[in-house]
Every structure is written in C-alpha cells, then in structure tokens.
Amino acid sequence: MKALVWHGKEDIRCDTVSDPEIEHDRDAIIKVTSCAICGSDLHLFHNYIPAMMPGDIMGHETMGEVVEVGSGVNGKLKKGDRIVVPFTIICGECEQCRRGNYSVCETTNRNKHLAEKVFGHTTAGLFGYTHLTGGYPGGQAEYLRVPFADATHIKVPDGMTDEQALFLSDIFPTGWQAAAQCDIEPDDTVAVWGCGPVGQMAIRSAILLGASRVIAIDRIPERLAMAEAGGAITINFDKESVVGRLNELTDNKGPEKCIDCVGFESHISMAQPDSVLDRAKQMFMLENDRPHALREIIYVCRPGGIVSIPGVYSGFSDMVPMGALMNKGLTIRTGQTHVNRWTDDLTQRIADRQIDPSFVITHTVPLAQGPEMYRAFRDKQDSCVKVVLKP
C-alpha cells in the first residue's frame, strides 16, 4: 500500500509499504477513505518531538471502512462499518479509561517504559506519533491497523459525510475539551491564542458553550477571517499589542478564560524578543519549547481565571512566569484529548447541524500529494488552513 513515511527532518515521502495485518484478536483493519494533516504532524516534520524513526508512517486523523476484524472484537465492529479512528488508542478497561481519562490509558502504550522515563508515568498509545507513545503506524495511508478496535473507534451515522465526521478523530474534540476545561459562564470573555484548526474548533466550541465573547489572536489573515466568520473578535498580533487590546476590550481586567492553541512553536518575531531568545536556546539545546504565547496568557489572564492548554508542549520551557501564575490564583488545565469522552455529544451536534466541522477544510488532495502539502501547510501557502488527503 501507499503511505506517507517519515525519513528525517522535513523529509516526508509517499512510499510503498507492507499492508497491515491482524496482529491481536482485538484488532481491526480499515480501508482509509479520508485522513488529514494536523498541526501536531508539523512538530514531527520539524523533528522537534524525540523518538521518531525513519520508516514511521505518519498521521492520526483518520477514518474509513472496516475490512477485517479480529476474533476479540466481539461483534462491536463488522466488515463494512464506517468508523472514525480517535488519535488516542484506548483499552476501555483500565482505571484511567473507566474514569474517562482516555489519553492517559494505562494499557495501550507498548513502549510505556520509555514514556515512564520521560513523563514519570505512561500515557496512551497514539497513532502516527513517536515511539514514546508506542510507535504505532499512522493513518496517512491506504490501510490502517486499529489496535483495541472494539474500544478505539467512533461509528459514523448514516448520512454523515467523511468531511463532517473526520475531525471527530482529533481537532473537534480537542477544541471542545479546551473550551470545556474553561468552565465557561455566561458573562465570560474567552481569549484563544492561535487560529489554526484546533483554535477554530475552540472558538466555535466556546460560543456553543455560552461564552459572552470570544477573542481570537493570530497573524494569518485567512485564519483571522475564518475566526471572525465563526463569531470571534480578532486581534492581529503583527499589527497591534495583544495585551493592550485585550485590556481595552475587558476594561483592563483581562479575559476570564484563556486557551493556548499555539503550544511550543510560538511565532518568532523581533517584536517579541523572548521568542527570538527561545529559538536561540532551542538551537543550542538549552530549551525545548518556545512558550511566548503561554507567557502572554499568564500575564494577561484575569486573576482567578482559567488557562486551558490544548497546544502541544514537548519538554522544558524557560522563563514561564510562575510568580504571576501563583499570585494571580490562576488554574491551569492541560492534556491530550480524551476523545471518546466527548464524541457521542459532538456527533449528535453535527447531526443536529449545530456545527459542521468541514468549514475548516481549505485543501483536499490525493494522498500522493501529501509531502508537498506538508510544506504548504507549514508555510501557510495558498491560504492553507486544513488539508484532507484521499488515499
């Protein structure tokens, strides 16, 4: 089969690889009908996340048709079912899964000894990510093996298109969890840093959850226009002060709830000297992350507020203002997404036409064009916000 394969830093190729096979009785094989490139894939593209190996298959936003099931799936899936595959692989049986904390499943990371050394405890296995999270082949391919498939799936309702359902795999529940973690109240102003695909979902989720106002912060005109179309007030940080504008909009009190959809690759700008220093530290391996957005959030968030972080951080971040965080009494909530905790509700919201997640798609191309679309997505070429690949 054809698949997008990691060969090193900024080197993704469409290669011919072996077809997946049933390896365990809870496995299923799907024929991929749609998959997508995620911002998290760019972290791997840049080789900022450790433990990638040449030959690893990319991708964790995937859906398709079941073509084979193992004997242990016990009737929960059958050939011909259309399913979305969450990026988190879950057993459904461990203590964390029973609590709904699916992204920290205790069972599915087959390299849990590595995760324990890096994180202190294991987290869930993830598709198409590093060997710290199991080294599972990803779904930017013609076929995908789904481990623990009886638990790791979302059935697609009849009549729902691939484009409507695909983002239940990651970015829609990720944006929703980011907003849900804010405990939004009717009078709240919610500020969202980063208007990429997750940011767009967080904006719309915050509005659905009843925020009084949502303010979206970015620099890319197409992303800002998409955020504005979703109901947000926008701030272009290339043209105005984020802190100044947020204080102006909130009578100098700051937003009650802040969402960091940027993560560890904050934009580098001479207007933001800390971001330049972060990049220099990265080059000399003195720091993993560029947390400019997080610093700004902690500084401007209203005392007693909540900071929600769906953006990925990779390791150590320097100069995080812990004094401001502690003295202002801020609450921080983080985490990879507990996808299956949210998907019944979100699937129904799509069916009820409260939201159509396909709004974020700007490019749909064959799988073979994936390598060039990685570069287009990275460089924001051709107004690229979200790429869907068709094997």
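Residue numbers start at 1 and run along the sequence shown.
- Results of the side-chain contact (heavy atoms from CB on, under 4.5 Å) test with Cys261 over Ile309, Val192, Ile203, Ile171 single out Val192 as the only residue that passes.
- Here Lys386 does not pair with Glu222 in a salt bridge; the nearest charged N to carboxylate O distance is not below 4.0 Å.
- Within the 4.5 Å cutoff, no side-chain heavy atoms of Val276 are placed close to those of Gln272.
- Test Met1, Glu142, Lys2 against Thr16 for side-chain contact (heavy atoms from CB on, under 4.5 Å) and you get one pass: Lys2.
- Counting non-hydrogen atoms of neighbouring residues, nucleotides and ligands closer than 6.0 angstrom, the CG atom of Asn327 exceeds 12 such neighbours.
- The minimum heavy-atom distance between Asn109 and Ala124, with the atom names listed, is CB-C, 4.1 Å.
- Within the 4.5 Å cutoff, the side chain of His113 has heavy atoms near those of the Asn111 side chain.
- A side chain to side chain donor-acceptor pair (under 3.5 Å) with Asp345 is found for one member of Arg349, Arg341, Gln348 and no other, namely Arg349.
- Of the possible donor and acceptor atoms, one in the side chain of Arg204 sits under 3.5 Å from a partner among the backbone N and O of Gln200.
- Minimum interatomic distance between Pro303 and Leu330 (heavy atoms only, all atoms of both residues): CA-CD2, 4.3 Å.
- Nearest heavy atom pair, residue Val73 against residue Asp150, reads O-CB, 3.8 Å.
- Asp187 and Ser212 form no side-chain donor-acceptor contact under 3.5 Å, judged by distance and modelled atom types alone.
- At a threshold of 4.5 Å between non-hydrogen side-chain atoms, the residues His153 and Asp81 do not count as touching.
- Checking side-chain atoms of Asp379 against main-chain N and O of Gln381 turns up no donor-acceptor pair under 3.5 Å.
- Shown here is Tyr299, whose OH atom has no more than 12 heavy atoms of other residues, nucleotides or ligands within 6.0 Å.
- In terms of modelled atom types and a separation under 3.5 Å, the side chain of Arg290 and the main chain of Ser266 share a donor-acceptor contact.
- Salt-bridge annotation for Lys31 and Glu65: absent, with no side-chain N of the basic residue lying under 4.0 Å from a carboxylate O of the acidic one.
- Counting heavy atoms from C-beta on, the side chains of Val69 and Lys76 never come closer than 4.5 Å.
- A donor and an acceptor atom, one from each side chain of Arg26 and Asn74, are nowhere located under 3.5 Å apart.
- Residues Ser34 and Lys390 have side chains that bring a donor and an acceptor to within less than 3.5 angstrom of each other.
- In this structure a side-chain-to-backbone donor-acceptor pair under 3.5 Å is present from Gln282 to Asn288.
- By the 30° and 60° cut-offs, the orientation of the rings of Tyr129 relative to His60 is perpendicular.
- With a 4.5 Å cut-off on side-chain heavy atoms, Asn236 and Asp218 do not count as touching.
- With His43 as the partner, the ring pair (Phe, Tyr, Trp, His ring centres under 6.0 Å) test is satisfied by one option alone out of Tyr48, Trp6, Phe264: Phe264.
- Counted within 6.0 Å of CE on Met319, heavy atoms from surrounding residues, nucleotides or ligands total more than 12; the atom is thus considered enclosed.
- More than 12 heavy atoms of other residues, nucleotides or ligands lie within 6.0 Å of CZ in Arg279, so this atom counts as buried by the packing criterion.
- Contact check on Arg295 versus Asp278 returns a salt bridge, with a Lys/Arg side-chain nitrogen under 4.0 Å from an Asp/Glu carboxylate oxygen.
- In this structure, a donor-acceptor pair under 3.5 Å is absent between the side chains of Gln336 and Ser103.
- Remark: Arg375 does not engage Glu372 in a salt bridge, criterion side-chain N to carboxylate O under 4.0 Å.
- Residues Val146 and Phe127 meet the side-chain proximity criterion, which asks for heavy atoms closer than 4.5 Å.
- Counting only distance, with no hydrogens or angles, the side chain of Ser169 and the backbone of Glu61 share no donor-acceptor pair below 3.5 Å.
- Contact check for Val118 versus Leu114: no side-chain heavy atoms found under the 4.5 Å cut-off.
- Side chain of Thr362 to backbone of Val385: a donor-acceptor contact under 3.5 angstrom is found.
- By the 6.0 Å contact criterion, CD on Glu23 is enclosed, its count of non-hydrogen atoms from other residues, nucleotides or ligands being greater than 12.
- More than 12 heavy atoms of other residues, nucleotides or ligands sit less than 6.0 Å from atom CZ of Phe45.
- With hydrogens and angles disregarded, a donor-acceptor distance shorter than 3.5 Å links the side chain of Lys257 to the backbone of Cys182.
- A donor-acceptor pair is defined here as one N or O able to donate and one able to accept, closer than 3.5 Å; such a pair exists between the side chain of Arg98 and the backbone of Glu93.
- Other residues, nucleotides and ligands place more than 12 heavy atoms under 6.0 Å from the CZ atom of Phe119.
- A donor-acceptor pair under 3.5 Å is absent between the side-chain atoms of Lys253 and the main chain of Arg302, judged by distance alone.
- Under the 4.5 Å side-chain criterion, counting only non-hydrogen atoms from C-beta, Ser205 is in contact with Phe172.
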